[in-house]
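See below for the structure under consideration.
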2 protein chains.
Amino acid sequence: MLAKIGDKWSILTIMMLSDGTKRFSELQRGIDGVSQRMLTLTLRGLERDGLVTREVFPTIPPRVEYTLTPLGRSLQVPVIALGQWVTANLPELEAARRRFDAAAEEA
Amino acid sequence: MLAKIGDKWSILTIMMLSDGTKRFSELQRGIDGVSQRMLTLTLRGLERDGLVTREVFPTIPPRVEYTLTPLGRSLQVPVIALGQWVTANLPELEAARRRFDAAAEEA
DNA sequence: CTGCATCCTTGAGGATACTG
DNA sequence: CAGTATCCTCAAGGATGCAG
């Protein structure tokens, strides 16, 4: 269940929604590599946990908007902190990885 | 790759190591439900990313200690924040889930 | 456009047994 | 004690097609 919140798509979705309400297709375009199926499942899960609201506009073509709830916005704080840490330390991580793999090369 | 850092076992391992160096068996006992295999893999991954150091004492029986690196300790900050958020909001999440599932019960 | 349903593949991860 | 190796299962997740 922590797994749900900690997982890749959930994090990316929450980050996407950080700067405001988004439509389904916007999310799909914005989240790199997510399939329609996984985006749907992720959004359902977040909705179930009370982290996002889903608002349907019965127009043609249909329009569905997703927004972070207050609870979702509070989660967004630590999630973004984590995201920023990763971004900031990516070079460091990759360097460490190269070092490690090079050392393991003593075959 | 974010996946690695965000994943369940990594988070729990980092939290375990937050209060200092730990032996392999201590970690296994402390992290609920982790298999020996997964703990090994998780620790290798963290070591590879330069987040923990592994120190082997060639005694009998062998003794291996794991410690967070400075980089690991800096990651520990947002990770713990996330963990605390989950702990603090668990009741809220469960309530939302019950509401959602009850609403879906209109079959 | 926004989904749901179905099929199928892949890999995460558990169980178990063996080694230094 | 601290792994490594192997096998096996199950569910995450991609691809595709259909529907409102």
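Naming convention: chains lettered A, B, ... in sequence-line order (proteins, then strands); numbering from 1 in each chain.
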Nucleotide by nucleotide, 5' to 3', does protein get under 4.0 Å of the base (B), only the sugar-phosphate (S), or neither (-) in nucleotides 10-20 of chain C, counting heavy atoms?
---BBB-B--B
Please identify which of these residues, A/Met16, A/Gln28, A/Lys8, meets the side-chain contact (heavy atoms from CB on, under 4.5 Å) condition with A/Val34.
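Option passing the side-chain contact (heavy atoms from CB on, under 4.5 Å) with A/Val34: A/Gln28.
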Apply the side-chain contact (heavy atoms from CB on, under 4.5 Å) test between B/Ile11 and each candidate in B/Val86, B/Leu75, B/Val79; give the one that qualifies.
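For B/Ile11, the side-chain contact (heavy atoms from CB on, under 4.5 Å) check succeeds only for B/Val79.
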For residues [X] and [Y], report the shortest heavy-atom separation together with the two atoms involved.
X: A/Phe100; Y: B/Glu47; answer: CE1-CD, 3.6 Å
X: B/Leu43; Y: B/Val52; answer: O-CG2, 4.0 Å
X: A/Arg54; Y: A/Tyr66; answer: NE-OH, 3.2 Å

Nearest-0.5 Å distance, CZ of residue A/Arg48 to CG of residue A/Leu41
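Answer rounded to 0.5 Å: 12.0 Å.
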Gap between atoms [atom1] and [atom2], on [X] and [N] respectively (whole Å):
X: A/Tyr66; N: C/dT2; atom1: OH; atom2: C1'; result: 7 Å
X: A/Ile60; N: C/dG3; atom1: CD1; atom2: C1'; result: 15 Å
X: A/Arg54; N: C/dT2; atom1: CZ; atom2: C1'; result: 8 Å

Please step through side chain to side chain contact (heavy atoms under 4.5 Å, CB included) for the pair B/Leu71 and A/Leu93, ending with a clear verdict.
CA-CA 9 Å; B/Leu71 187 61; A/Leu93 291 174; 4.1 Å; yes
Going by the side chain to side chain donor-acceptor pair (under 3.5 Å) test, which pairs reach into residues 68-77 of chain A, not counting sequence neighbours?
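Qualifying pairs, neighbours excluded: A/Ser74-B/Trp85.
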Test log, rule side chain to side chain contact (heavy atoms under 4.5 Å, CB included), inputs A/Leu68 and A/Leu46
CA-CA 9 Å; A/Leu68 286 181; A/Leu46 294 176; over 6 Å; no
Tell me which residues in residues 18-27 of chain A put a heavy atom below 4.0 Å from DNA chain D, sorted by number, or none.
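Within residues 18-27 of chain A, no residue comes under 4.0 Å of DNA chain D.
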Going 5' to 3' along DNA chain D, which nucleotides are the first and last within contact of chain A (any atom under 4.0 Å from a heavy atom)?
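Here the contact window of chain A covers D/dG13 to D/dG20.
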Is there a donor-acceptor contact under 3.5 Å from the side chain of A/Glu92 to the main chain of A/Asn89?
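Looks like no, no N/O pair under 3.5 Å.
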Compute the bend angle of the helix from C/dC1-D/dG20 to C/dG20-D/dC1 from the end axes (five pairs per end), rounded to 10°.
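One end's axis against the other's: 50°.
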Once salt bridge (charged side-chain N to carboxylate O under 4.0 Å, His left out) is applied, what residue pairs with a partner in residues 57-69 of chain B remain, sequence neighbours excluded?
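Applying salt bridge (charged side-chain N to carboxylate O under 4.0 Å, His left out) to every pair that reaches into residues 57-69 of chain B, excluding sequence neighbours, yields B/Arg63-B/Glu65.
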Using the side chain to side chain contact (heavy atoms under 4.5 Å, CB included) rule, take B/Ile14 and B/Ile80 through it: C-alpha gap first, then chi angles, then the decisive distance, then the call.
CA-CA 9 Å; B/Ile14 289 172; B/Ile80 287 196; 5.9 Å; no
Contact check, side chains of B/Glu55 and B/Val64, non-hydrogen atoms, under 4.5 Å:
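Side chain of B/Glu55 against side chain of B/Val64, heavy atoms only: no contact under 4.5 Å found.
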